[in-house]
Amino acid sequence: MIAPILRDLATLREMTRGWHMAGETIGVVPTMGALHDGHLSLVAEAKKRADRVIVTIFVNPKQFNNPEDLENYPRTEEDDARKLERFGIDAIWAPNGDTMYPPGFATGVAVSGLTDVLCGAHRPGHFDGVATVVTKLFTQTAADLAFFGEKDFQQLQVVRRLARDLDLGVEVVGCPTIREIDGLAMSSRNLLLSDRARVRAPRLNEVMEEIAAGLAQGRTMSELTPSALKALENADFLSVDYLELRSCDTLALLETPTEPARLLAAAHLAGVRLIDNIDVPVVG
């Protein structure tokens with residue numbers, strides 16, 4: 001059975017209030033739609049961990065820097081609802097823009113420190129938009145648990161921090177990145193890749209794995225990065241926003257993985273911005 005698609009906040013709150021009164025836990029999976037197997041893995045985990053599950057679908061204008069990017073973002077609500085049918089979720093929360101940001105809306109949520117680097121440095125205001133919409137979604141759905149993919153690792157850390165700092169009472173659960181058979185991290189943006197670009201896209205993950213292997217051998221990012229950037233250029237990645245090793249906890253820049261670390265990348269291929277990250281074992 002296809003879950004009800006809710007657009008009225010009062011109806012949603014009446015539903016969640018009844019669940020909590022019955023002693024049931026609520027898990028939420030926030031998405032912008034265009035669901036793929038990565039999203040669906042979050043839904044599956046939510047079904048394991050929570051009594052009730054809500055999937056949210058809202059293309060959040062506040063996290064887009066480029067109006068064209070917002071306009072081109074895939075919107076596939078009917079198809080998304082069909083994909084969710086087999087999971088037996090309890091509701092889809094798909095508010096319109098005026099419900100999320102009514103006339104006169106003037107409040108934002110900002111997380112300092114974690115948002116000044118990586119995607120935050122290249123997309124000013126992006127994480128303010130993420131933090132604001134996620135805070136609203138948590139309170140609207142009365143979530144006890146929230147499920148996010150590790151593919152957007154910086155976003156995951158930002159959400160964890162805001163939930164803790166604002167005492168929202170939500171456990172933020174990180175779930176592993178789901179990849180295509182050729183290694184490309186699943187993303188809604190992959191739908192925008194041309195056939196030629198889709199063939200070249202897995203090279204990003206391959207280059208990152210090559211860097212990780214070099215780090216395991218005791219080499220440094222300074223030694224490994226130039227050849228990696230050249231390899232991406234040869235694969236038609238025309239610009240690379242970042243290719244960096246960062247602390248898992250603080251996102252501080254690292255030369256070698258002397259503490260739990262992630263290798264993170266964002267690069268542009270045929271007009272599509274792809275991001276990825278991989279875990280890097282501690283060396284030393």
Side-chain angles (χ1 to χ4, degrees), residues 38 41-42 45 110-124 126-128 130-131 134 146-166 171-179 182-187 201-235 237 239-269 273-284:
S41 73
L42 305 181
E45 186 64 21
V111 179
S112 62
L114 294 175
T115 60
D116 300 334
V117 298
L118 301 169
C119 283
H122 291 271
R123 303 177 68 187
H126 168 72
F127 284 114
D128 292 351
V130 170
V134 166
F147 298 83
F148 290 82
E150 291 183 350
K151 184 186 79 72
D152 297 293
F153 189 78
Q154 185 177 16
Q155 172 179 273
L156 173 62
Q157 298 305 82
V158 168
V159 172
R160 281 175 168 159
R161 180 67 60 83
L162 77 85
R164 182 170 68 245
D165 287 354
L166 298 180
E171 179 186 348
V172 178
V173 181
C175 301
T177 301
I178 305 299
R179 298 184 180 277
D182 57 9
L184 178 65
M186 290 188 178
S187 170
R203 187 65 179 130
L204 178 61
N205 180 249
E206 293 171 0
V207 168
M208 295 174 72
E209 293 288 355
E210 291 164 5
I211 292 176
L215 291 169
Q217 296 168 0
R219 301 179 69 188
T220 68
M221 285 297 294
S222 294
E223 294 174 303
L224 295 164
T225 301
S227 60
L229 292 175
K230 185 63 177 176
L232 290 175
E233 181 183 342
N234 291 340
F237 285 87
S239 66
V240 177
D241 287 349
Y242 56 81
L243 179 59
E244 297 174 351
L245 186 68
R246 296 269 174 176
S247 163
C248 285
D249 293 331
T250 66
L251 298 184
L253 193 63
L254 302 173
E255 263 291 289
T256 56
T258 54
E259 60 181 277
R262 288 267 171 167
L263 181 65
L264 302 105
H268 298 259
L269 177 65
R273 188 176 188 268
L274 302 178
I275 66 171
D276 201 350
N277 73 86
I278 59 174
D279 184 61
V280 179
V282 174
V283 175

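For the side-chain contact (heavy atoms from CB on, under 4.5 Å) criterion with Arg246, the lone passing option out of Leu264, Leu254, Leu263 is Leu264.
For the pair Ile211/Leu243, a side-chain contact is recorded, criterion being any heavy-atom separation below 4.5 Å from C-beta on. Annotation: side chain of Phe148 is in contact with side chain of Val172 (closest heavy-atom distance under 4.5 Å). For the pair Arg273/Cys119, a side-chain contact is recorded, criterion being any heavy-atom separation below 4.5 Å from C-beta on.
Among all heavy-atom pairs drawn from Ser222 and Pro226, the shortest one is O-CD, 3.3 Å. Considering every non-hydrogen atom in both Leu269 and Ala235, the closest pair reads CD1-O, 3.9 Å. The heavy-atom pair separating Pro260 from Val282 by the smallest distance is N-CG2, 3.5 Å. Smallest separation of non-hydrogen atoms from Ala228 and Val207: CB-CG1, 3.5 Å. When every heavy atom of Thr220 is checked against every heavy atom of Leu215, the shortest pair comes out as C-CD2, 4.1 Å. Considering all non-hydrogen atoms of both residues, Met208 and Asn277 come closest at CE-CA, 3.6 Å.
A distance of 11.0 Å separates NE2 of His126 from CG of Leu118, quoted to the nearest 0.5 Å. Ser187 OG to Arg179 CZ: the interatomic distance, rounded to the nearest 0.5 Å, is 11.5 Å. In this structure, the separation between NE2 on His122 and OH on Tyr242 is 7.5 Å, given to the nearest 0.5 Å. Here the CG-CD1 distance, from Asp152 to Ile275, works out to 4.0 Å after rounding to the nearest 0.5 Å. For the atom pair Asn234 CG and Leu229 CG, the distance stands at 11.0 Å (nearest 0.5 Å). Considering CZ of Arg123 and CG of Asp128, their distance stands at 12.5 Å, rounded to 0.5 Å.
Listed by chain and number, the residues in a salt bridge (charged side-chain N to carboxylate O under 4.0 Å, His left out) with Glu259 amount to none (sequence neighbours excluded). Partners of Leu42 under the side chain to side chain contact (heavy atoms under 4.5 Å, CB included) rule, at least two apart in sequence or in another chain, are Val29, Phe147, Cys175.
Side chain of Gln157 to backbone of Leu114: no donor-acceptor contact under 3.5 angstrom is found. In terms of modelled atom types and a separation under 3.5 Å, the side chain of Asp279 and the main chain of Arg262 share no donor-acceptor contact. Counting only distance, with no hydrogens or angles, the side chain of Ser227 and the backbone of Leu224 share a donor-acceptor pair below 3.5 Å. For Asp276 (side chain) and Leu184 (main-chain N/O), no donor-acceptor pair under 3.5 Å exists by modelled atom type.
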Derivation and outcome, side-chain contact (heavy atoms from CB on, under 4.5 Å), residues Ile178 and Lys151: CA-CA 8 Å; Ile178 305 299; Lys151 184 186 79 72; over 6 Å; no

Evaluation steps, side-chain contact (heavy atoms from CB on, under 4.5 Å), between Glu244 and Thr225: CA-CA 8 Å; Glu244 297 174 351; Thr225 301; over 6 Å; no

Candidate pair Thr177 and Phe153, rule side-chain contact (heavy atoms from CB on, under 4.5 Å), full reasoning: CA-CA 9 Å; Thr177 301; Phe153 189 78; over 6 Å; no

Full working for side-chain contact (heavy atoms from CB on, under 4.5 Å) between Ile278 and Asn205: CA-CA 8 Å; Ile278 59 174; Asn205 180 249; 3.8 Å; yes

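Residue pairs meeting the salt bridge (charged side-chain N to carboxylate O under 4.0 Å, His left out) criterion with at least one member in residues 214-224, sequence neighbours excluded, do not occur.
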